[in-house]
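Report on one structure; see the data block that follows.
Note that the structure is a prediction, hence the values are computed from the model and not measured.
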Amino acid sequence: MTYGVDRLFEEVAYLAVHFHWSHDDLLDLEHADRTRYVALVPEMVGRTEARR
């Protein structure tokens with residue numbers, strides 16, 4: 001199974017917007033770690049909004 005370039009680009013852009021990490025740092029992450037961070041963002045945003 002190949003991992004699509006478009007999907008990788010989406011993940012990197014999504015994490016860059018939320019965490020402000022560099023492109024190189026995001027690409028250096030292992031696939032499993034990057035997808036875990038992608039999954040964490042909505043949880044983090046939800047907790048932040050709940051505090052308001």
Side-chain angles (χ1 to χ4, degrees):
M1 174 189 227
T2 60
Y3 197 67
V5 174
D6 289 340
R7 179 67 184 158
L8 176 61
F9 188 84
E10 289 172 6
E11 287 180 359
V12 168
Y14 185 73
L15 294 174
V17 165
H18 290 283
F19 292 126
H20 309 286
W21 295 345
S22 74
H23 182 259
D24 289 338
D25 288 342
L26 291 165
L27 288 176
D28 284 343
L29 291 171
E30 294 290 329
H31 170 73
D33 292 336
R34 195 174 46 254
T35 56
R36 284 183 72 185
Y37 282 118
V38 167
L40 282 175
V41 170
E43 295 174 26
M44 295 170 63
V45 170
R47 280 182 284 195
T48 301
E49 290 177 0
R51 291 184 207 158
R52 293 180 187 180

Could you give the side-chain donor-acceptor pairs of residues 14-27 under 3.5 Å, partners two or more places apart or in another chain?
unit_1 : atom_1 : unit_2 : atom_2 : d
Ser22  : OG     : Asp25  : N      : 3.0
Ser22  : OG     : Asp25  : OD2    : 3.2

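- The salt bridge (Lys or Arg N to Asp or Glu O under 4.0 Å) test applied to Arg7 returns Glu10, Glu11, not counting sequence neighbours.
- When every heavy atom of Pro42 is checked against every heavy atom of Ala39, the shortest pair comes out as CD-O, 3.3 Å.
- The closest side-chain heavy-atom distance from Phe9 to Val12 is not below 4.5 Å.
- Glu30 meets the side-chain contact (heavy atoms from CB on, under 4.5 Å) test with Asp33; sequence neighbours excluded.
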